[in-house]
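Only one structure is covered here, and it is reproduced in the block below.
Quick note on labels: first sequence line is chain A, next is B, and so on, each numbered from 1. Every heavy atom of this structure was used, including side-chain atoms; hydrogens, water molecules and symmetry mates were not.
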Amino acid sequence: MGETEEPKLSDVLADRREKLEGLREAGIDPFPPEFAEKEDIGEVRAAHEGLAPGMETESRHRVAGRIVGRRGHGKACFLDLRDGSGQIQLHARVDLLGEEPYRLLVDLDLGDIVGVEGTALATRRGGELSLAIDRWRLLAKSLRPPPDKFHGLEDVETRYRKRELDLIANEESRRLFALRARTVSEVRRWLDERGFIEVETPVLQPLYGGALARPFTTHHNALDRDFYLRIATELYLKRLVVGGIDRVYELGKDFRNEGISHKHNPEFTMLEWYEACADYAATAHKVETMVAEVAERVLGTTEVQRGEVTIDFAPPWKRVTIRDAIRERTGIDILEHPTREALAAAMGTEPDPEEGWGKLVDGLLSKSVEPELVQPTFVLDYPVELSPFAKSHRSEKGLVERFEAFAGGMEIANGFSELNDPDEQRRRFEQQAEELARGDEEAQPYDEDFVAALEQGMPPTGGVGIGIDRLVMLLTGAKSVREVVLYPAMRS
RNA sequence: GCCCCCGUAGCUCAGUUGGUUAGAGCGGCGGCCUUUUAAGCCGCGCGGCGCGGGUUCGAAUCCCGCCGGGGGUACCA
């Protein structure tokens, strides 16, 4: 290494390979199997909080991490070492390390992973906590250069495809995914504390159901039959309520074979819970309470900044019927136009043969109302055509007891008083079959096992689905779902 | 799916009325430096401009196609 006079024209990858070989020739294992009894850097920092500038301690520490910065000074240098708990500066001096270990240390590359031992001190000038190291050991050689240390990694494509590089380079990204993890933990805790039982139902399903969406299809070789990746957990969870699990939830991935956008990833994380003897009003109340309490625990506040506006999740959230919400923004009273032709006329469009009345209402809601709902809002009492699994409204004919929660212009939850009359459920499936026949690819296939379960007797039940990715978007201010999903869907 | 925009060194970016061997910072390589923090100083460009065609005396710059990404739009959590 470095014996020729002329400048090397080798590229960065070759340089690192060359160093790897150099280390092996020097008898150093570039990938040793362990580095036992090390502390987390975060613990070391905590142990010396407030150490006065210039103070040197006898306190020895053994830490390990990736070298993310280096400032050389000839016979001494500073290295920045980072692990999953934090970052600390290392002060490496030839007089403490010895000639050869020092030379080898300085010859390491940014990105290499090392284990070190040394004593804690606070630097004279900045008072920065540092370890004056007297021993070190290579733990893993990095053969590819890290992203730019100052600008970080900004190319969004690389950030999504190679999230590990994004995490190495960008503090903000590390912070965001930690926040996501805490959100999921707090959601589980909130439900566990209230006696909800977490379950895992099939991802591979012989029939899909529980939402209006197109599924992914896959094939089981041994059984020689197709399966669907679930689009929702709803039907299995309600069968568990039939089975006597009065409070049940599942938090996991659903899959929908539809477009990708800033608020849609084909696989996404959904929470669904079902509670016996609750109705949609009680369920909506739980939703607003849970979201506010989770926000409080994760962020320390129920208020989040989103662009120019502040969204406040403190309950109670605003409530409005779908009829009023649409009427307020479009002047159209959907109940005054109860047929597809009449509603299309009121909207000033031609009735599309593939779109029923319900689809038109859904269109008005998602185009005219949803983007306007920035503060948390429950939209209530949907048309039965849109809601094949919701119980008919106790007083409003043609409507069901259903709510959707919106915030930041996005739908984040969808819940109802669950339909538990098996004969009515069978009729709803038949209606869906007609939609399917008309060409609606999102209509629900008939699920006899589910209807049979209802015939067994399901108590009145309140249930809800909450989009966890979107909730995390709201809590973090992320503009795209890709920012809160570690490896979002990309082309090949 | 459709429309618009983008794709230059490992990273962040500059470079279009088409014109000599394509530039900068960080990183890298060589050297100096025992308290620096985007450390500093001196020296060295390590890519031929996403891919493939085409126009032209000449293309990173113009045209066509493809691939990838972003934004918008359509459907959905």
The ring-ring contact (aromatic ring centres under 6.0 Å, His included) partners of A:Tyr446 (sequence neighbours excluded) come to A:Phe429
Looking only at heavy atoms, the pair that brings A:Lys286 and A:Trp190 closest together is O-CH2, 3.7 Å
Applied to residues 66-89 of chain A, the ring pair (Phe, Tyr, Trp, His ring centres under 6.0 Å) test, sequence neighbours excluded, yields A:His73-A:Phe78, A:Phe78-A:His91
With the side chain defined as heavy atoms from C-beta on, A:Phe268 is closest, among B:G28, B:A77, B:C75, to B:A77
Filtered N/O pairs between nucleotides 13-15 of chain B and protein, under 3.5 Å:
residue: B:C13; atom: OP1; partner: A:Glu154; partner atom: OE1; Å: 3.3

Taken in chain and number order and not counting sequence neighbours, the residues that satisfy side chain to side chain donor-acceptor pair (under 3.5 Å) with A:Asp80 are A:Arg71
Checking N1-N3 plus N6-O4 or O6-N4 for Watson-Crick, or N1-O2 and O6-N3 for wobble, each under 3.5 Å, the partner of B:C62 is B:G54
Answer with base, sugar-phosphate or nothing: what part of the nucleic acid does A:Lys479 contact at a heavy-atom distance below 4.0 Å?
nothing
Partner of B:U73 under the Watson-Crick or G-U wobble criteria, both distances under 3.5 Å, comes out as B:G1
With sequence neighbours left out, the residues meeting ring-ring contact (aromatic ring centres under 6.0 Å, His included) with A:Tyr274 are none
The side chain to side chain donor-acceptor pair (under 3.5 Å) partners of A:Glu56 (sequence neighbours excluded) come to none
Given protein heavy atoms under 4.0 Å, the one-letter contact record of nucleotides 68-73 of chain B, with B base, S sugar-phosphate only and - none, is simply SSSSS-
Hits for salt bridge (Lys or Arg N to Asp or Glu O under 4.0 Å) against A:Arg175, two or more places apart or cross-chain, chain-then-number order -> A:Glu172
A:Phe255 atom CZ is separated from B:C75 atom P, nearest whole Å, by 25 Å
Here the ring pair (Phe, Tyr, Trp, His ring centres under 6.0 Å) pairs for residues 464-492 of chain A, sequence neighbours left out, are none
Could you tell me whether the side chains of A:Ser59 and A:His48 share a donor-acceptor contact shorter than 3.5 Å? yes
Mate of B:C46 across any strand shown (Watson-Crick or G-U wobble, both atom pairs under 3.5 Å) is B:G27
So which protein N/O to nucleotides 35-42 of chain B N/O distances come out below 3.5 Å?
residue: B:U35; atom: O2; partner: A:Arg124; partner atom: N; Å: 3.2
residue: B:U35; atom: O4; partner: A:Glu56; partner atom: OE2; Å: 3.4
residue: B:U36; atom: OP1; partner: A:Arg125; partner atom: NH1; Å: 2.8
residue: B:U36; atom: OP1; partner: A:Arg125; partner atom: NH2; Å: 2.2
residue: B:U36; atom: OP2; partner: A:Arg125; partner atom: NE; Å: 2.3
residue: B:U36; atom: OP2; partner: A:Arg125; partner atom: NH1; Å: 2.5
residue: B:U36; atom: OP2; partner: A:Arg125; partner atom: NH2; Å: 2.7
residue: B:U36; atom: O5'; partner: A:Arg125; partner atom: NH1; Å: 3.1
residue: B:U36; atom: O4'; partner: A:His73; partner atom: NE2; Å: 3.2
residue: B:U36; atom: O2; partner: A:Arg71; partner atom: NE; Å: 2.6
residue: B:U36; atom: O2; partner: A:Arg71; partner atom: NH2; Å: 3.4
residue: B:U36; atom: O2; partner: A:Gln89; partner atom: OE1; Å: 3.2
residue: B:U36; atom: N3; partner: A:Gln89; partner atom: OE1; Å: 2.8
residue: B:U36; atom: N3; partner: A:Gln89; partner atom: NE2; Å: 2.9
residue: B:U36; atom: O4; partner: A:Gln89; partner atom: NE2; Å: 2.6
residue: B:U36; atom: O4; partner: A:Thr123; partner atom: OG1; Å: 3.3
residue: B:U37; atom: O4'; partner: A:Arg71; partner atom: NE; Å: 3.2
residue: B:U37; atom: O2; partner: A:Glu128; partner atom: OE1; Å: 2.8
residue: B:U37; atom: N3; partner: A:Glu128; partner atom: OE1; Å: 2.7
residue: B:U37; atom: O4; partner: A:Thr123; partner atom: OG1; Å: 3.4
residue: B:A39; atom: OP1; partner: A:Lys149; partner atom: NZ; Å: 2.1
residue: B:A39; atom: OP2; partner: A:Arg71; partner atom: NH1; Å: 3.4
residue: B:A39; atom: N7; partner: A:Gly72; partner atom: O; Å: 3.2
residue: B:A39; atom: N6; partner: A:Gly72; partner atom: O; Å: 2.1

Residues at least two apart in sequence or cross-chain that pass ring-ring contact (aromatic ring centres under 6.0 Å, His included) with A:Tyr208, listed by chain then number, are A:Tyr228
The complete set of salt bridge (charged side-chain N to carboxylate O under 4.0 Å, His left out) pairs with one or both residues in residues 474-492 of chain A, sequence neighbours excluded, reads A:Arg159-A:Glu483
How is A:Gly152 classified with respect to the nucleic acid when contacts are heavy atoms under 4.0 Å: base, sugar-phosphate, or nothing? sugar-phosphate
Side-chain atoms of A:Pro147 come closest, of B:C11, B:A77, B:G10, to B:C11
Rounded to whole Å, CG of A:Leu165 lies from C1' of B:G27 at a distance of 15 Å
